[in-house]
**Student:** 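Encoded as structure tokens, here's the structure I'll be asking about.
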Amino acid sequence: MIVERVWVGNSLRNYNYLVACEETGEALAIDPLAHEECLRIARRRGFEITQVLNTHEHTDHVAGNDHVVAATGAEVIAHTRAKIPGVDRRVGAGAHVQVGKTVTLECMDTPGHTMSHICLLARDGEAALFSGDALFNAGAGNCRNGGDPEALYETFAQQLEPLESTVRLYPGHDYLVANLKFTLDREPGNAAATEMLGYVEGLDGDDSPILTIGQEKEINTFFRLGSREVVSGVCRALDGLPVAPTAKQVFVSLRTLRDRW
Ligand SMILES: [Zn+2]
């Protein structure tokens, strides 16, 4: 599996991806907002884009579809219920997206950022998760545009947390520096987050490192719901929480604090 990360360089700091089969050169474009750049890279690398997949329906993920389809005739794939025009194939949990001969991606139904959100998991070879706006480096998607923080908690607890620590993460945006600062605001004693911030602060999205799920569990406060520092911090910051909040209550509280932060 060949992964080309495309840094859009816009104010929303989007990442697009081309996922290609090394044998056939067939490629899947994930959320190709920067359509010209995606097409240019495909030409340069000798890829044939045969499929487009949208992780969810937000404009900054779907606005490049028509351009890529016009240039390549690619098939558009999206969640069963996503409100996206021109979708050729609707997918849900467990569906497979085959790219050429060597790449098989498994669809995960991952609601929370929106209620119709797909993550793609590559299990073969170097395992990878294309996480859209569900999971970011050191953070979680917001739930303000059609989402639900309790659903996002369930997605984290039931589907993301159990992933192997070696899975490499390819998110839909680069918010790593801001998210690390939020983690450190919650957990000033987090040495891994401090070290990572020192390494990445000042880097552009183009140069941001590819992190693993194992690293996320150290630096992403939304995976650190059992940390005493995180729990006591949310209890101090928000009214109405019980003395010993549940993991779901801590997660939803963190999402509230991140929205205000
Ligand atoms: Zn979004």
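If you read the sequence from its start, that first residue is 1, and numbering goes on from there. We count ligands from 1, going down the list as the structure has it; atoms in each ligand are counted the same way.
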**Student:** Side chains of N179 and N220: donor-acceptor distance under 3.5 Å anywhere?
**Tutor:**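 N179 vs N220: no donor-acceptor pair found between side chains.
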**Student:** Quick check: does H56 have an N/O/S atom under 2.8 Å of the Zn ion (ligand 1)?
**Tutor:**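 Here the distance criterion (N, O or S atom, under 2.8 Å) is met by H56, so yes.
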**Student:** Before accepting this row, confirm whether a basic side-chain N of the pair R89/E75 lies closer than 4.0 Å to the acidic partner's carboxylate O.
**Tutor:**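 Result for this pair is no, no salt bridge flagged.
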**Student:** So, E26 versus T24: side-chain donor-acceptor pair below 3.5 Å or not?
**Tutor:**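 Checked: E26/T24 side chains pair up, N/O donor to acceptor below 3.5 Å.
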**Student:** Nearest 0.5 Å, what's the CZ-CG distance between R5 and D206?
**Tutor:**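 If we round to the nearest 0.5 Å, R5:CZ and D206:CG are 7.0 Å apart.
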**Student:** Find, among atoms of H58 that are N, O or S, the one nearest to the Zn ion (ligand 1), and state its name.
**Tutor:**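 Output for this pair reads ND1.
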**Student:** Under 2.8 Å from the Zn ion (ligand 1), is there any N, O or S atom belonging to D133?
**Tutor:**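 Yes - counting backbone and side chain alike, D133 has an N, O or S atom under 2.8 Å.
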